[in-house]
Amino acid sequence: MTGLIAFREIVLKVHSRCDLACDHCYVYEHADQSWRARPKVISPEVIAQTASRLAEHARTHALPSVTVILHGGEPLLAGTARLRLVCEEFTRALDGIAALDLRMHTNGLQLSRRYLDLFAEFGVSVSVSLDGDRAANDRHRRFADGRTSHPLVLAAVDLLRTEPYRHLYQGLLCTIDVANDPVAVLDALVELAPPRVDFLLPHATWQTPPVRPDEAPDTYARWLLRVFDHWERLGRPVPVRLFDSLFSTLAGGPSLTESLGLAPTDLVVVETDGNLEQVDSLKSAFEGAAATGFNVFDHPFDLVAAHPGVRARQLGLAGVSDTCRRCPVVRSCGGGLYTHRYKAGPEGPSGPEAAGNFDNPSVYCTDLRELVDGVEGRTSTRASAPELSDPAELAGSQEQLTRDLLALLNDRRTGDSEWERAWRVLGAVERAGQAGAAALDAVLAHPFTRTWVMACLDPGQQGPDAPPAAGAARRLTALAAAAVLRGGLDLPAEVVYRDGEVYLPTLGLLRLGEPGTEGRATLRAADGGYAVREQGRPEHRFGPAAGDARWQPVRTWSPGPDAAPVALEDLDPHRNCFARPPRLRLGAGEAEEWRERLDAAWALLHASVPGFARAAATGLTTLTPLAGGPRARGWGEAGRHGPGALGVPYAAGVAETALALLTGRRRAGLQALTEVADLYALDGEWQHPSPWREHPVPVSRLLADVHERVAVEAYRRATATAEPGGLDRINRALDRLSGAAELTSTGKRLVEQLRWELKAVDA
């Protein structure tokens, strides 16, 4: 049974009749009438066997928790004694195996203190069905004799909201009727202060389409968007799961509801007779649509997971129609609820083609498209990651990411005394006022600090020549010492050196012995410089003014009079994070020649593409000379996990160096953004034609190509080296990206920015 879905949620039908006669009920009023042949109330035997099967399933799949939803008909009609038995049996069966989350969906008419006392004892949370104000609720939720149920439901909700039951109140379930006033409906629901509101599209199929009084294909979208606008005006007073799910998927996250998104279903239904069925809404499609042929007495849950109908809802993108796969909002709508895709085949619902009858867009397709677009259009500016447009936000998020990763690494180094001593020094630096905090920020912002942390966390992701992670404690001692020295702090910092030397991130390389030797030394700040003491040797000074031949400082270069100095990093052992190897330490003459080429290249960029040049300088902290000359395209290289680092071929000429600076910074900037903000989701599920590549590529590659090419096109036009058709190719790629389902709201805003950049280039 490997590869099967694990059911984390079961719907337990404890009573199969109802005390209301709602004319939109999918159980009693739609195609499947199997309820007529089922027992009214679940038996003790079915309860016990279902609890045993669920415990077996949870143990087999090592599930940390399971949810059991008590359902009907109307579950309260089962009575307190039968519901107590349900709670006791499931609590006993799951004890020590998985946490049990008990819930109930009810119309609320029978809700009283005796039920709520029972639910409080077992932690059963309660959701109540209510369609809005009295006028809205009375359209459908009436007794069989036509009487209103609204006052009784309100009384039940009022009781649920009082102490000591308030914590059991889970929310309100509202089935949409577009004849109702959306503003009045929301106001009525908000007045009851629910922890959450669920707006539910009425179950419909292509055979029995939803009611559309105006015969427009977007009736339900317009109704929901009016709710959304009013909800926004009210300041989002209560969570609305439908809207929260759209916010999540538009930002690249998961769906929060079965009715939207591409996440596989993990739910199974147990009827009052013990039969195991698929999701309950399938009863709207045709007689037997939800049936599996299995029951709790003879079959484990894993057999249900292998059922073709269940498997069809585990396929994600592959499980929706071809029309849906080509739609840019499919990540958010997910093709709609599976039931709503049903269309009878040539031989009817019971024929051999019945399984293919769900290979269609939702009957609410236009509604879903306009709802997703409408919510995104109203919120995209606020929902986009601030790092996209604010360099300070990007730098802050990058620094926080490094801190988080370093903290994770610290958690894994428990028991390493060397590491723990250095960690305490870092803590002392951070507590040493503004100077200490600034010094620590500087060493953590050093690009190769991140490279080192990632090498320790996941050695397999690093290049073949990366330093071994076994030296993690040595690097941390050097990191702490560099922070102490940078801050001029009165703190001793012990370092462990290897092969006779220690590299102090952002400062330089200190040689303390002959090659092959290892040892310890204590460093401290001393009168504007640094001092080192080794056991049995006198203290000596090194640093900016000491003139010590054993000290090789990190060289710097300034990209302009108003720009912060950039480190010319040819010392850090973790700089080997580029696609080609770095140069060894440059000689003094070589370093000066490289500075001159960089000056000339930077001047060329400012003269030809000043806007791109200014953007390239933002966030650039480290330049590493790479071995060899420029490659065919002359592109610069962003380092793996090295924010702010850029690799440039040392032997490149001025023009090639200018192009390398420009393209490398574009690459590095996009890489830094993708590390802290979601630009796309499901990367690789679709393949897109690229104007620059022979075969289709995932959206991440196409976006990266366009991001670079816009700057390259600007540079080539300014330097009269543009290739024919370059602008047209970029526009084609941007058009493809604009329709890409993978892009999040932030990713789409980035594409918009690229269009504006390209328009400026064309102008």
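This is a predicted model, so every value here is computed, not measured.
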Task: Asp683 versus Ser700, side-chain donor and acceptor atoms under 3.5 Å - done: yes

Open item on the list: I'd like to know if Arg141 pairs up with Asp131 as an ion pair, taking the criterion as any Lys NZ or Arg NE/NH1/NH2 lying under 4.0 Å from an Asp or Glu carboxylate oxygen.
Closed with: yes

Task: Nearest non-hydrogen partners of Ala188 and Gly132, listed with the distance - done: CB-C, 3.6 Å

Task: Minimum heavy-atom distance between Pro239 and Asp244, given as atom pair plus value - done: CB-OD2, 3.6 Å

Task: Identified side chain to side chain contact (heavy atoms under 4.5 Å, CB included) counterpart of Val11 within the set Val269, Leu70, Val68 - done: Val269

Open item on the list: What verdict does the side chain to side chain contact (heavy atoms under 4.5 Å, CB included) test give for Trp223 and Asp177, after you've listed the backbone C-alpha separation in whole Å, the side-chain angles of each residue and the deciding distance to 0.1 Å?
Closed with: CA-CA 9 Å; Trp223 193 92; Asp177 186 325; over 6 Å; no

Task: salt bridge (Lys or Arg N to Asp or Glu O under 4.0 Å) partners for Arg241, two or more places apart - done: Asp198

- [ ] If a pair satisfies salt bridge (charged side-chain N to carboxylate O under 4.0 Å, His left out) and one of its residues is in residues 42-53, list it, with sequence neighbours excluded.
- [x] Arg53-Glu56

Open item on the list: Under a plain distance cut-off of 3.5 Å, with no hydrogens placed, do Thr205 and Thr208 share a side-chain donor-acceptor pair?
Closed with: yes

Task: Centroid separation Trp231 to Phe228 less than 6.0 Å - done: yes

Task: Partners passing side-chain hydrogen bond (donor to acceptor under 3.5 Å, both in side chains) against Asp735 (at least two apart in sequence or in another chain) - done: Arg755

Task: Approximate separation, where rounding is to 0.5 Å, of Ser65 OG and Ile97 CD1 - done: 13.5 Å

Task: Side-chain donor/acceptor of Lys13 to backbone N/O of Gly72, under 3.5 Å - done: yes

Open item on the list: Going by side chain to side chain contact (heavy atoms under 4.5 Å, CB included), Ser129 matches just one of Thr106, Leu173, Val153. Which one?
Closed with: Leu173

Open item on the list: Between Glu74 (side chain only) and Asp19 (backbone N and O only), is there a donor and an acceptor less than 3.5 Å apart?
Closed with: no

- [ ] Among Arg378, Arg236, Arg222, find the one that has a salt bridge (charged side-chain N to carboxylate O under 4.0 Å, His left out) with Asp229.
- [x] Arg378

Open item on the list: How close do Ala55 and Ala93 get, counting heavy atoms only, and between which atoms?
Closed with: CB-O, 3.4 Å

TODO: Taking all non-hydrogen atoms of both residues into account, name the closest pair between Arg311 and Ala306 and its distance.
DONE: CG-O, 3.7 Å

TODO: With sequence neighbours left out, write down each residue that passes side-chain hydrogen bond (donor to acceptor under 3.5 Å, both in side chains) with Ser127, or none if nothing qualifies.
DONE: Gln170

Could you go through residues 324-334 and list every donor-acceptor pair under 3.5 Å that involves a side-chain atom there, pairing it with any protein atom two or more places apart or in another chain?
| unit_1 | atom_1 | unit_2 | atom_2 | d |
| --- | --- | --- | --- | --- |
| Arg325 | NH1 | Val320 | O | 2.5 |
| Arg326 | NH1 | Asp322 | OD2 | 2.1 |
| Arg331 | NE | Ala741 | O | 2.8 |
| Arg331 | NE | Glu742 | O | 3.4 |
| Arg331 | NH1 | Thr249 | O | 2.8 |
| Arg331 | NH2 | Thr249 | O | 3.3 |
| Arg331 | NH2 | Leu743 | O | 3.1 |
| Ser332 | OG | Thr249 | OG1 | 2.8 |

- [ ] Give a yes or no on whether the backbone of Glu258 and the side-chain of Tyr338 come within a donor-acceptor separation of less than 3.5 Å.
- [x] no

- [ ] Find out whether Val197 and Val190 are in side-chain contact, i.e. whether some heavy atom of one side chain is under 4.5 Å from a heavy atom of the other.
- [x] no

Open item on the list: Run the side-chain contact (heavy atoms from CB on, under 4.5 Å) test against Ala290 and tell me which residues pass, sequence neighbours left out.
Closed with: Glu277, Leu282, Lys283

Open item on the list: Between Arg736 and Leu702, does the side chain to side chain contact (heavy atoms under 4.5 Å, CB included) criterion hold? Intermediate values first, please.
Closed with: CA-CA 9 Å; Arg736 183 72 184 189; Leu702 185 60; 3.9 Å; yes

- [ ] Measure the CG-CG distance between Leu201 and Leu337 for me, rounded to the nearest 0.5 Å.
- [x] 8.5 Å

TODO: Give every residue pair that meets the salt bridge (charged side-chain N to carboxylate O under 4.0 Å, His left out) criterion with at least one member in residues 201-212, sequence neighbours excluded.
DONE: Arg212-Asp367

- [ ] Mark yes or no for whether His307, through its side chain, and Gly309, through its backbone, hold a donor-acceptor pair below 3.5 Å.
- [x] yes

Task: Phe7 backbone acceptor or donor facing His57 side chain under 3.5 Å - done: yes

- [ ] For Thr148, check side-chain hydrogen bond (donor to acceptor under 3.5 Å, both in side chains) against everything at least two apart and list the hits.
- [x] Asp138

TODO: Answer yes or no: is there a donor N or O on one side and an acceptor on the other, between the side chain of Ser245 and the main chain of Leu242, under 3.5 Å?
DONE: no

- [ ] Could you tell me whether the side chain of Tyr220 and the main chain of Tyr364 form a donor-acceptor pair under 3.5 Å?
- [x] no

- [ ] Kindly write out the residues that satisfy salt bridge (Lys or Arg N to Asp or Glu O under 4.0 Å) with Glu376, not counting sequence neighbours, or none if the list is empty.
- [x] Lys748

TODO: Determine the minimum heavy-atom distance between Leu100 and Thr91, stating which atoms define it.
DONE: CD2-N, 3.7 Å

- [ ] Determine whether Ser259 and Leu200 make a side-chain contact, defined as any pair of heavy atoms from C-beta on separated by less than 4.5 Å.
- [x] no

Task: Backbone N/O of Gly335 and side chain of Arg341: donor-acceptor pair under 3.5 Å - done: yes

TODO: Would you mind reporting whether Leu111 and Val157 have side-chain heavy atoms less than 4.5 Å apart?
DONE: no

Open item on the list: For the residue pair Asn295 / Asp298, report whether a side-chain donor-acceptor contact shorter than 3.5 Å exists.
Closed with: yes

Open item on the list: Within this structure, what is the CG-CG distance for the pair Leu168 and Leu116, rounded to the nearest 0.5 Å?
Closed with: 6.5 Å

Task: Side-chain H-bond candidate by donor/acceptor type, Ser380 with Ser745, under 3.5 Å - done: no

Open item on the list: Restricting to salt bridge (Lys or Arg N to Asp or Glu O under 4.0 Å), what partner residues turn up for Arg369, sequence neighbours left out?
Closed with: Asp373

- [ ] Scan residues 75-107 for pairs that pass ring-ring contact (aromatic ring centres under 6.0 Å, His included), counting only residues two or more places apart or in two chains.
- [x] His71-His105

Open item on the list: Tell me every residue that passes salt bridge (Lys or Arg N to Asp or Glu O under 4.0 Å) with Arg92, counting only those two or more places apart in sequence or in another chain.
Closed with: Glu89

- [ ] To the nearest 0.5 angstrom, please state how far the SG atom of Cys87 sits from the CG atom of Leu118.
- [x] 5.0 Å

Open item on the list: Between Leu189 and Phe199, does the side chain to side chain contact (heavy atoms under 4.5 Å, CB included) criterion hold? Intermediate values first, please.
Closed with: CA-CA 11 Å; Leu189 299 177; Phe199 284 106; 3.9 Å; yes

Open item on the list: To check you understand the geometry: which heavy-atom pair defines the closest contact between Thr265 and Ile5, and what is its length?
Closed with: O-CG1, 3.6 Å

Open item on the list: Can a side-chain donor-acceptor contact be found between Ser321 and Thr323 if the only test is distance below 3.5 angstrom?
Closed with: no

- [ ] Return yes if some donor-acceptor pair links the side-chain N/O of Thr257 with the main-chain N/O of Leu260 below 3.5 Å, else return no.
- [x] no

Task: Derivation and outcome, side chain to side chain contact (heavy atoms under 4.5 Å, CB included), residues Leu83 and Phe122 - done: CA-CA 10 Å; Leu83 291 175; Phe122 288 95; over 6 Å; no

